[in-house]
Amino acid sequence: MRWSKTLIPTMKEIPADAEVPSHQLMLRAGLIRQLMAGSYTYLPLGWKALRKAEAIVREEMEAAGAIEIHMPALQPIDLFVRTGRREAFGNVLFNWKQRRGNGESHFALGPTHEEVVTDLIAKHVSSYRQLPLNLFQIQTKFRNEERPRFGILRTSEFLMKDAYSFHTSLESLNETYQAMYRAYCRIFARCGLEYLPVEAESGPIGGDASHEFMCPANNGEDRIVHCRATGYAANLERADTGRTPPAIATSADAKPLTKLHTPNVGSIEAVCKFLKCKPEKMVKTLIYSADDKPVAVLIRGDHEANEGKIRRALGIKKLEMATPEVILQVTGAPVGFAGPVGIKCEVIADHDVPLIVNAITGANEGDHHIVNVNVGRDYSLTTTHDLRNAIDGDPSPRGEGTLELVHGIEIGHVFKLGTKYAVSLEASFSDEKEQRHPIIMGCYGIGVNRIIAALAETKNDANGLIWPLAVAPYEVVVIPVQEEQPVLEAAESIYSQLRQAGVDVLLDDRPQRAGVKFKDADLIGFPLRVVIGGKGLQEGLIELKWRTDTAPTKVPVAEAVSSVLKQLAERRVQEAATVPA
RNA sequence: CGGGAUGUAGCUCAGCCUGGCUAGAGCGCCUGGUUUGGGACCAGGAAGUCGCAGGUUCAAAUCCUGUCAUCCCGACCA
């Protein structure tokens, strides 16, 4: 392609609306333009990169045994009603009624396709002989995000690869799950992304039923926990800590219990300010309603409670914050003054709570707190649990090393669904003995746009983007640096030979000064730059420079094309070396 | 949906507080010339319903009310 024949609107200045690096750089490099909040046009360069990522995804899915189909984005709302997801999605589901014939139809735009694909299978698969089956598509998804954000990191319309597998047994599901997991690792590695598979909140099956693939990035929306020593990685919601129950004993330094008047001072923050103390000296007493029974959960003042862990520790299903009436009933005080001393309900505590010597807690009396609260003397615990979110420096659950909290961009998710959709949409199979069973499912998603966004976010320097060869909008840019005949002819010749050799090459044929072309090439981040200039030509040399290198190498004009081909081949081998088997 | 900020040329912004000339600058764009290896220079030029609507006023980019849009924080996110 010739630069003068395509549309590459680069920008010198940073658009005021763009805050995160990927958004700024993709706009400046002329990859995308915004239409409205959460909707972006992919310009030629952005579209090329996206399509290359899409092609890699497709290749690996097919290699892993998935079969491509294409389902409609336009769907009947009825399917979502049947699975209960009309409620679950709420306003996120784009849906509207429209006249059709004499009646009115209620449509939805697909936010994902579990319903459509399960309906398809329900109608066309009835025997165990037809399973397992793994279907995928690469298609635009629509979600009415309450708040689109960060350029193309969170949009209301995005390209998703979604795969759905169907099985007669958990063993078969696990086999496909593993195959998808491996395919995902290969996809992200081939795209040149740093990625971390993390344990995510489990689905209905439990255990290791769900993994998210995260790209560590400062501006990622997700928080993940990672242990470098053991490789343990998990979503913050899910992450265990390696802490163990401490000895529960009253400290020798325990001071006398004292009640203080703290008028209208309810929150941890307010109490700390009022009593001039640190949050880690406080015990947060959260009153929950656990399967409709009140429970007090004790957490250190500076920690965050983790409701999933609380639910598991109590062995219950339904957990919600107690109402003010229930709180008044068990504590005798309004919200904000609960404490473990003399409380009238079951109490469970996080491991760190009994370690606080002379703690500060609510007094179970309006407008009062008590200080110098100590376990054993003032309240009792028989054991403790892991009930809070992990923090930096916690021990790893795998026994060695410490946890580190990092931000990540979610680029993929693999999930064991079980029979949830099969049951509600009546997808079942007959086994060898003519017994009917619901089909067991798995689902596997990749945000294709997010591959590009995550690359832009993490692979850049002060001059611009740095693309890996595999998804770069063009692999090579050829730059004639003067408007002189011999220079232009040499550039044209190298360009057409590279094209014939199958290289994805762009010729910067704009009548611009060298500086402008160099700045643009760096900003866009073409992996390899070929520069043809008057001085060099007189010596019979042209320049090759990788975006990742600081200095160019010079090669004879006659060897220009073969050198480029050789170096590209070498780079491809290098990039391939990072891809797991 | 709660809180905050911003809307003036394709981009970045000034002007607004304290109303008053034909609404400005830099970049980009067009024409001509000089230049030509890291975002050149000179001369000339095109480009704006000052987000939109209403109000106050002799007079509104500027003041008031409403509204729309965008961005950020939070809530939400199968």
Side-chain angles (χ1 to χ4, degrees), chain A residues 7 9-20 23-24 27-28 30 33-40 75 79-80 83-94 108 110-118 141-151 153-156 158 160 162 164 200-201 203-204 210 212 219 221-222 235 237 410 413 415 417 420-421 424 441 443-445 447 462-464 479-484 487-488 491 508 510-524 529-539 541-543 545 550-552 554:
Chain A
L7 179 64
T10 57
M11 290 190 281
K12 240 192 259 193
E13 283 174 292
I14 302 170
D17 280 347
E19 188 126 325
V20 296
H23 191 198
Q24 294 180 349
L27 284 168
R28 288 188 57 211
R33 282 295 182 268
Q34 186 182 52
L35 177 63
M36 59 178 177
S39 292
Y40 287 83
Q75 307 173 3
L79 283 178
F80 291 93
T83 58
R85 289 215 297 179
R86 168 142 166 66
E87 285 274 304
F89 276 118
N91 194 238
V92 171
L93 185 69
F94 279 108
T112 172
H113 281 66
E114 279 86 358
E115 278 80 1
V116 177
V117 80
T118 308
K141 298 285 186 277
F142 298 87
R143 294 181 193 185
N144 185 32
E145 295 288 351
E146 294 298 327
R147 189 178 155 215
R149 254 191 286 207
F150 302 145
L153 239 27
R154 188 166 203 84
T155 54
S156 28
F158 56 95
M160 180 171 173
D162 45 328
Y164 307 90
E201 209 33 72
S210 172
E212 289 168 342
N219 288 301
E221 289 186 287
D222 293 274
N235 193 304
E237 288 169 6
E410 185 185 347
H413 197 167
F415 205 91
L417 278 178
K420 178 184 171 190
Y421 295 96
S424 54
M441 291 174 59
C443 74
Y444 320 92
N463 293 320
I479 301 181
V481 99
Q482 287 100 16
E483 291 294 294
E484 294 157 10
V487 172
L488 292 176
D508 190 350
R510 295 174 300 171
Q512 289 286 357
R513 296 164 61 88
V516 173
K517 295 187 178 184
F518 292 156
K519 286 287 187 191
D520 273 347
D522 285 349
L523 176 60
I524 294 165
R529 189 181 82 183
V530 181
V531 174
I532 298 104
K535 286 180 210 154
L537 276 189
Q538 280 169 14
E539 301 165 31
L541 299 171
I542 59 107
E543 282 171 19
K545 180 181 168 299
T550 48
K554 299 189 178 190

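To find a chain, count down the sequence lines: A is the first, B the second, and so on, and within it residues start at 1.
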- Of all residues at least two apart in sequence or in a different chain, which pass the side-chain hydrogen bond (donor to acceptor under 3.5 Å, both in side chains) check with Lys517(A)? none
- Item | side-chain hydrogen bond (donor to acceptor under 3.5 Å, both in side chains) partners for Glu19(A), two or more places apart | none
- Message: Need to verify one output field. Residue with the more 5' nearest nucleotide on RNA chain B, Pro15(A) or Glu114(A)?
- Response: Pro15(A)
What does the list of N/O pairs under 3.5 Å between the protein and nucleotides 68-75 of chain B look like, with a distance for each?
| unit_1 | atom_1 | unit_2 | atom_2 | d |
| --- | --- | --- | --- | --- |
| U70(B) | OP1 | Ala37(A) | N | 2.9 |
| U70(B) | O2' | Asp17(A) | OD1 | 3.3 |
| U70(B) | O2' | Asp17(A) | OD2 | 2.6 |
| C71(B) | OP1 | Gln34(A) | NE2 | 2.9 |
| C73(B) | OP2 | Arg147(A) | NH2 | 2.4 |
| G74(B) | N7 | Arg147(A) | NH1 | 3.3 |

- Scoring nucleotides 32-39 of chain B by protein non-hydrogen atoms under 4.0 Å (B base, S sugar-phosphate only, - none) yields ---BSBBB
- Message: Run the side-chain hydrogen bond (donor to acceptor under 3.5 Å, both in side chains) test against Asn144(A) and tell me which residues pass, sequence neighbours left out.
- Response: Asn91(A)
- Message: Between Glu221(A) and Arg149(A), is the salt bridge (charged side-chain N to carboxylate O under 4.0 Å, His left out) condition met? List the steps.
- Response: CA-CA 10 Å; Glu221(A) 289 186 287; Arg149(A) 254 191 286 207; 3.2 Å; yes
- Item | By salt bridge (charged side-chain N to carboxylate O under 4.0 Å, His left out) - contacts of Glu212(A) (at least two apart) | none
- Message: Once ring-ring contact (aromatic ring centres under 6.0 Å, His included) is applied, do any residues pair with Tyr421(A), and if so which ones, sequence neighbours excluded?
- Response: none
- Message: Can you list everything that forms a salt bridge (charged side-chain N to carboxylate O under 4.0 Å, His left out) with Lys545(A)? Sequence neighbours excluded, please.
- Response: none
- Gap in Å between the two C1' atoms, one belonging to C76(B) and one to U67(B), rounded: 26 Å
- Query: Taking only residues two or more places apart in sequence, or in another chain, which ones meet Val92(A) in a side-chain contact (heavy atoms from CB on, under 4.5 Å)?
  - Reply: Phe89(A), Arg143(A)
- All stems with RNA chain B, defined as three or more consecutive Watson-Crick or G-U pairs under 3.5 Å: B:1-7 with B:68-74, B:10-13 with B:24-27, B:29-34 with B:40-45, B:51-55 with B:63-67
Report, one pair per line, the protein and nucleotides 43-47 of chain B atoms (nitrogen or oxygen only) whose separation is under 3.5 Å.
none

- Task: Consider only side-chain N and O atoms of Thr83(A) and Glu115(A), and report whether a donor and an acceptor are under 3.5 Å apart.
- Result: yes
- Any residue meeting side-chain contact (heavy atoms from CB on, under 4.5 Å) with Gln24(A), in chain and number order, not counting sequence neighbours: Ile14(A), Ala18(A)
- Could you state the atom-to-atom distance from CG of Leu27(A) to P of C11(B) in whole Å? 11 Å
- Query: Would you find a donor on one side and an acceptor on the other, under 3.5 Å apart, between the side chain of Gln482(A) and the backbone of Gly534(A)?
  - Reply: yes
